[in-house]
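Note sheet for the following structure.
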Amino acid sequence: MPVVISSINDGSISIYSSDDEIGETPLTDVLRTYLTLDIDNRNLFGEGFIKQYPEVAQLLKEYSGLKLLRQEPFETTITFMCAQGIGMTLIRRQIALLCEKFGSPCTIEFRGQKHRLYRFPDAECLAEAPLPLLQACTNNNYRRAVNIRRVAGAAASGLLDFGELGSGELPLDRLREQLCDFDGIGPKIADCIALFGLGRFDAFPIDTHVRQYLAGWFGIRRASDALTEKNYLRLQEEIRTILKPELAGYAGHLLFHCWRRKVRHLRTA
DNA sequence: CCCCAGGCTTTTC
DNA sequence: GAAAAGCATGGG
């Protein structure tokens, strides 16, 4: 999949075309893929869902245009490795620092003003990153820096092959197993990589917010229990009886944002 | 000083 | 095997 885009900040997205990267693929096709325009948002929730949870469906109307992106797998992997037991503000700070310290710079002009931006670093660069500098980008978390460097090395050497993982031929559980082989990647982050980076819209990551709406909206009792591996899998089973299994993760993304903003009143999207 | 944040790893049963 | 405890770091 050709990826020529990026730079997502606070809900806005900047798009740059680069002919040598696009090749013969028309830009419209690239955007269609990246923005998942092939997914019809009107088809995410079935009639049964709307009938059974009318109040949730009402809240969701505001989010009917929210798209989940097919993001670049390596970038997705590293960014979600930065997102464990930590708030959104700090997650964004880490990503910004990683880009500034290790990404290649580029300057764009927008409405007469020049902006200095940094691309997300490639695997080779992060694999060779000096540990103290990398740690400074990962919220001073030494372990996270080590884990990220190791994953970057695997991606650079081909030991971790996103082309293979993203081919769509691996069953979801096998895919998760391979990702979880790396320190710093557990079930939740593996599901996030599958969902956001590998286009596996059936993957349904369960984090603290998802647990809250599983309990609050759908009355799932087990969502309040400890999130052991068994319970995690059981909750995934359960949500697949409520959401369309093949689109559970995509639909969950809308539920996630809707819960955070409409119920929790959190400012950060 | 408490609890929380888009969990994971190690220890213990 | 699976559940409980430990872990790391900054913000509110």
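By convention in this document, chain letters (A, B, ...) are assigned in the order of the sequence lines, proteins followed by strands, and residues within each chain are numbered from 1. These figures come from a predicted structure and were not determined experimentally.
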Between [M] and [N], how far apart are the [atom1] atoms? Round to whole Å, please.
N	M	atom1	value
B:dT9	C:dG11	P	24 Å
B:dG6	C:dA5	P	25 Å
B:dC3	C:dG6	P	15 Å

[X] vs [Y] side-chain heavy atoms within contact, under 4.5 Å:
X	Y	value
A:S104	A:R119	yes
A:F74	A:F120	yes
A:I189	A:T77	no

Between [N] atom [atom2] and [X] atom [atom1], what is the distance in whole Å?
X	N	atom1	atom2	value
A:I148	B:dC8	CD1	C1'	13 Å
A:Q84	C:dG6	CD	C1'	13 Å
A:K230	C:dA4	NZ	P	12 Å
A:Y213	B:dG6	OH	P	14 Å
A:E229	B:dC8	CD	P	11 Å
A:L179	B:dG7	CG	P	17 Å
A:R222	C:dA3	CZ	C1'	15 Å
A:L227	C:dA5	CG	P	16 Å

I want to confirm an ordering. Mapping A:Q212 and A:I189 to their closest nucleotides on DNA chain B, which one lands closer to the 5' end?
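Whichever sits nearer the 5' end wins; that is A:Q212.
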Can you figure out which of C:dG10, B:dG6, C:dT9 approaches the side chain of A:L90 most closely?
C:dG10
Which nucleotide sits closest to the side chain of A:N139: B:dG6, B:dA5, C:dG10?
C:dG10
Can you pull every protein N or O that's under 3.5 Å from an N or O on nucleotides 9-13 of chain B?
| residue | atom | partner | partner atom | Å |
| --- | --- | --- | --- | --- |
| B:dT9 | OP1 | A:G184 | N | 2.6 |
| B:dT9 | O3' | A:R143 | NH2 | 3.2 |

Taking the six-membered ring for Trp, is the centroid-to-centroid distance between A:F196 and A:F80 below 6.0 Å?
yes
I'd like to know if A:L60 and A:L66 are part of one continuous hydrophobic network [Ile/Leu/Val/Met/Phe/Trp/Tyr, side-chain heavy atoms within less than 4.5 Å].
yes
If only side-chain N and O atoms of [X] are considered, is one of them under 4.0 Å from the OP1 or OP2 phosphate oxygen of [N]?
X	N	result
A:T228	C:dA2	no
A:N140	C:dG10	yes
A:R93	C:dG10	no

When all nucleic acid strands are considered with a 4.0 Å heavy-atom cut-off, which category describes [X]: base, sugar-phosphate, or nothing?
X	result
A:Y232	nothing
A:R211	nothing
A:K188	base

Which pair of heavy atoms, one from [X] and one from [Y], lies closest together, and at what distance?
X	Y	result
A:A127	A:A152	N-CB, 3.6 Å
A:G216	A:W259	CA-CH2, 4.4 Å
A:I91	A:C82	CG1-O, 3.8 Å

